[in-house]
Amino acid sequence: MFDRNRQVLTLDEFTIQQYRTIPNATGELSTLLRDIALAAKRINVEVNKAGLVDIIGDAGTTNVQGESVKKLDVYANNQMVGVLRHGISCAGICSEEMDDIVVFNDEMSNKSKYVVMFDPLDGSSNIDTNVSIGTIFGVYRRISEPGKPCQLNDFLQSGLKQVAAGYVVYGSSTMFVYATRRGVNGFTLDPSIGEFCLSHPDIQCPADGKIYSVNGGYFSQYKENVKKFINVLQNKTRQDGGPLTQRFTGSMVADLHRTLIKGGIFLYPLTTENPDGKLRLMYECNPFAFIMEVAGGNASSGSQRILEIIPRKLHDRTPIFIGSKNMIEECLGYLNS
Ligand code: AHG
């Protein structure tokens with residue numbers, strides 16, 4: 001029975017509780033996460049009324065990736081940039097929607113330890129049809145001298161250097177999930193109090209799963225060893241005798257949230273159309289690789305651990321194979337055979 005006296009921790013309470021246990025912690029990361037959660041709540045409000053107001057549809061421009069920009073993408077990007085600029089914990093940002101880094105360059109921001117890279121609204125081609133979409137972010141400790149404006153090198157770090165990473169899924173409920181090296185925790189938005197509340201403590205990705213996630217429409221464009229592995233998945237028998245299930249929403253956040261909770265594998269291999277892969281290393285793959293590894297899963301480009309890739313430029317792309325530990329191991333066995 002529901003216990004009305006049960007103390008449910010909010011995201012703020014949880015992060016404060018965490019930093020209190022770390023000697024010499026300044027609370028900067030907690031503040032940063034609170035700022036991102038504020039942006040997420042604002043984005044959530046707009047996503048929820050997307051069908052009611054004239055906000056769906058194209059904004060009429062293309063982003064740096066050459067993809068059409070939806071109005072909600074623009075709104076979400078502005079919210080993320082706004083909270084991080086006005087907060088006290090971020091020296092600068094880089095967004096999938098922007099050509100270059102944004103250096104905040106004011107006295108308070110220059111003193112900050114962190115820079116943030118994000119995809120403000122992933123899966124935005126799904127907006128018009130009400131499929132779950134999300135925000136993804138990775139937090140890096142800057143390597144340039146604090147007190148001065150941050151620099152490009154602060155952003156071009158490998159994913160291993162993330163101090164935290166997370167995502168928000170705007171789905172049947174809205175969830176904020178974030179990881180530090182200490183663990184992965186999920187918070188569900190309670191609309192009655194407007195707070196993210198701890199609902200999924202210490203998330204662990206099961207070592208095996210029953211679901212694989214890949215865009216089968218590109219099958220003919222995949223390399224032979226990828227096709228071979230997909231064939232294996234198609235013909236695999238679960239322990240209880242049935243076949244595996246195949247699911248692909250077109251929103252990485254939705255597919256990877258499910259993979260994280262239930263186990264499974266998500267594949268986005270390179271294609272002839274996208275010879276470097278489609279998904280962005282810095283805004284999509286690194287944050288999820290970090291979260292998945294902390295949760296006990298794995299993430300690879302096929303030839304390298306995602307988190308060890310040294311980015312050459314801000315908008316690099318990579319193929320990705322990510323999910324349950326044993327399924328990734330099996331996958332890499334085929335890819336490297
Ligand atoms: P976008 O944000 O431009 O809609 O891209 C979404 C990404 C990712 O979330 C998803 O897994 C993938 O693109 C789907 O692309 P395809 O439909 O081309 O496979």
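Atoms within each ligand, like the ligands themselves, are counted from 1 in listed order. Everything numeric here is computed off the predicted structure, so don't read it as measured data.
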### Task
Would you check, one step at a time, whether the test side-chain contact (heavy atoms from CB on, under 4.5 Å) holds for Tyr283 with Leu314?
CA-CA 9 Å; Tyr283 315 104; Leu314 292 170; 3.7 Å; yes

### Message
Determine whether Asn44 and Asn48 satisfy the following criterion, side-chain hydrogen bond (donor to acceptor under 3.5 Å, both in side chains), listing intermediate values before the conclusion.
### Response
CA-CA 6 Å; Asn44 181 56; Asn48 272 299; 3.0 Å; yes

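For ligand 1, the atoms closer than 4.0 angstrom to any heavy atom of Ser251 are 9 (O). For ligand 1 and Lys278, the ligand atoms under 4.0 Å from any heavy atom of the residue are 5 (O), 12 (C), 13 (O), 14 (C), 15 (O), 16 (P), 18 (O). Close approach to Met252 involves these atoms of ligand 1, each under 4.0 Å from a residue heavy atom: 8 (C), 9 (O), 10 (C), 11 (O). Applying the 4.0 Å criterion to heavy atoms of Ser125 picks out, from ligand 1, the atoms 4 (O). Set against the non-hydrogen atoms of Tyr218, the atoms of ligand 1 under 4.0 Å away are 16 (P), 18 (O), 19 (O). For ligand 1, the atoms sitting less than 4.0 Å from at least one non-hydrogen atom of Asn215 are 16 (P), 17 (O), 19 (O), numbered in the order shown with element in parentheses.
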Only distances under 3.5 Å count here; give the side-chain donor-acceptor pairs of residues 253-267 to other protein atoms, sequence neighbours excluded, each with its distance to 0.1 Å.
unit_1, atom_1, unit_2, atom_2, d
Asp255, OD1, Thr249, N, 3.2
Asp255, OD1, Arg258, NH1, 3.1
Asp255, OD1, Arg258, NH2, 3.4
Asp255, OD2, Thr249, N, 3.0
Asp255, OD2, Thr249, OG1, 3.1
His257, ND1, Tyr167, OH, 2.6
Arg258, NH2, Ser213, OG, 3.3
Thr259, OG1, Asp255, O, 2.6

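Geometrically, ligand 1 and Glu284 share no nitrogen or oxygen pair separated by less than 3.5 Å. By the 3.5 Å distance cut-off applied to N or O atoms, Phe248 is not counted among the residues near ligand 1.
Contact annotation for Leu279 and ligand 1: only side-chain heavy atoms (C-beta onward) come within less than 4.0 Å of the ligand.
Ring geometry for Phe14 against Tyr178 counts as perpendicular: the plane angle is over 60°, on a 0 to 90° scale with 30° as the lower cut.
Side chain of Glu28 to main chain of Lys113: a donor-acceptor pair is present (N/O by atom type, distance under 3.5 Å, no hydrogens or angles).
For Lys228, there are no side-chain hydrogen bond (donor to acceptor under 3.5 Å, both in side chains) partners, not counting sequence neighbours.
No side-chain donor-acceptor contact under 3.5 Å links Glu308 and Ser158.
Ligand 1 has no atom lying under 4.0 Å from any heavy atom of Ile133.
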